[in-house]
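See below for the structure under consideration.
Per chain, numbering begins at 1; letters A, B, ... match sequence-line order.
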There are 2 protein chains.
Amino acid sequence: MMSNSQELKSSGLKVTLPRLKILELFQNTMAGDQRHLSAEDVYRLLLIEDMDIGLATVYRVLTQFEQAGLLIRRNFESGKALYELNGGEPHDHLLCLSCGKVIEFNDAPLQARQNEIANEYQFVIQERAMTLYGVCKDCQAKQK
Amino acid sequence: MMSNSQELKSSGLKVTLPRLKILELFQNTMAGDQRHLSAEDVYRLLLIEDMDIGLATVYRVLTQFEQAGLLIRRNFESGKALYELNGGEPHDHLLCLSCGKVIEFNDAPLQARQNEIANEYQFVIQERAMTLYGVCKDCQAKQK
DNA sequence: GTATATGCAAAACTTTTGCATCCTT
DNA sequence: AAGGATGCAAAAGTTTTGCATATAC
């Protein structure tokens with residue numbers, strides 16, 4: 001298991017407080033249902049923790065982390081980018097339009113079919129993004 | 001076959017020149033490879049055609065058309081929304097990160113699997129979005 | 001004639017950039 | 001000591017909104 005400092009170094013990034021804090025933030029929020037954070041989210045959460053950080057730094061660090069493969073950048077329909085920790089396995093999303101909840105799943109047959117389609121078009125996949133928008137089980141119950 | 005005027009009326013929208021022109025624009029560009037247009041794209045294409053239209057109107061009309069189901073709004077990784085004509089059939093995208101080309105495909109097994117996954121989570125799908133990002137056949141050839 | 005749509009300008013939001021200062025190595 | 005990182009402010013890009021005028025029905 002690599003420490004966060006080692007993880008940053010091996011990505012060619014200097015170990016600084018903002019970078020460590022942002023990395024920890026994503027690791028800690030991973031447990032909750034709030035796995036996807038915008039730059040503004042990160043900024044506000046760090047201010048709450050007394051971190052005196054600039055929004056511009058947050059944007060820069062998020063971009064660097066994405067390029068380093070530590071985070072994945074997602075574009076849902078909200079108009080702003082959300083980031084999540086890169087857990088290694090590709091996965092897709094169900095996004096509830098009623099409550100905003102994001103359900104993640106990892107489905108091998110689906111990915112296999114994606115690969116077959118890419119092969120048909122002789123297309124080399126670098127990144128996958130699949131989101132089904134709709135209404136989750138809980139919200140269906142509430143609407144009745 | 002409904003005329004464009006009828007199509008607007010049956011969506012509860014008054015028939016105005018900007019709306020007709022924008023609808024025609026999407027119908028005409030459907031033939032080419034430029035099926036996905038941003039608000040700015042629409043604005044510039046209409047200015048070329050002598051239409052003296054305001055950018056704000058373009059945004060308003062695109063939003064109305066999306067709500068009426070005439071257009072589909074897509075959020076790829078570019079940071080701005082793209083719209084395409086709603087052809088009725090759901091379809092997904094391969095987006096080339098090298099040349100920006102968008103390849104569309106319609107794959108029944110893939111959609112069937114999406115439905116199965118949604119059922120597992122008792123999730124009601126309203127909209128699908130799947131995009132594979134990578135390098136297209138042509139760009140692979142060029143890179144050699 | 002009335003209600004809605006449009007155009008323009010201003011504002012709101014998200015993201016990027018320039019630059020002086022500070023921190024990591 | 002040197003190069004990169006940070007914070008602040010300003011700028012750039014996208015989308016929304018207020019309001020007076022024009023247009024569709």
Do A:N119 and A:Q122 come close enough that some side-chain heavy atom pair is under 4.5 Å?
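When only atoms from C-beta onward are counted, A:Q122 and A:N119 do not touch, as no gap falls below 4.5 Å.
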Sort and list the pairs that fulfil ring-ring contact (aromatic ring centres under 6.0 Å, His included) and have at least one residue in residues 43-67 of chain B, not counting sequence neighbours.
none
Within the 6.0 Å centroid threshold, strictly below: A:F105 and A:H93
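No: the rings miss the under 6.0 Å criterion.
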Step by step, work out the side chain to side chain donor-acceptor pair (under 3.5 Å) result for B:E89 and B:N106.
CA-CA 8 Å; B:E89 292 189 332; B:N106 191 331; 3.1 Å; yes
Considering residues at least two apart in sequence or located in another chain, which fulfil the side-chain contact (heavy atoms from CB on, under 4.5 Å) criterion with B:N86?
B:I72
Partner residues of B:A56 under the side-chain contact (heavy atoms from CB on, under 4.5 Å) criterion, sequence neighbours left out
B:R60
Sugar-phosphate means primed atoms, P, OP1 and OP2; the rest is base. With that split, encode nucleotides 8-18 of chain C 5' to 3' as B, S or - using protein heavy atoms under 4.0 Å.
BB----SBBBB
Just the rounded figure in Å: distance from [atom2] of [N] to [atom1] of [X].
{"X": "A:Q64", "N": "C:dT24", "atom1": "CD", "atom2": "P", "result": "15 Å"}
{"X": "B:K9", "N": "D:dT23", "atom1": "NZ", "atom2": "P", "result": "19 Å"}
{"X": "B:L8", "N": "D:dT23", "atom1": "CG", "atom2": "C1'", "result": "15 Å"}

Among all residues two or more places apart in sequence or in another chain, which pass the side chain to side chain donor-acceptor pair (under 3.5 Å) test with A:E104?
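With sequence neighbours excluded, A:E104 shows a side chain to side chain donor-acceptor pair (under 3.5 Å) to A:R35, A:H91, given in chain and number order.
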Contact list please: residues 13-23 of chain B against DNA chain C, heavy atoms, distance less than 4.0 Å, in numerical order.
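Contacting residues: B:K14, B:T16, B:P18, B:R19.
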Test item: A:S11 side-chain N/O and A:L13 main-chain N/O as donor-acceptor pair under 3.5 Å
no
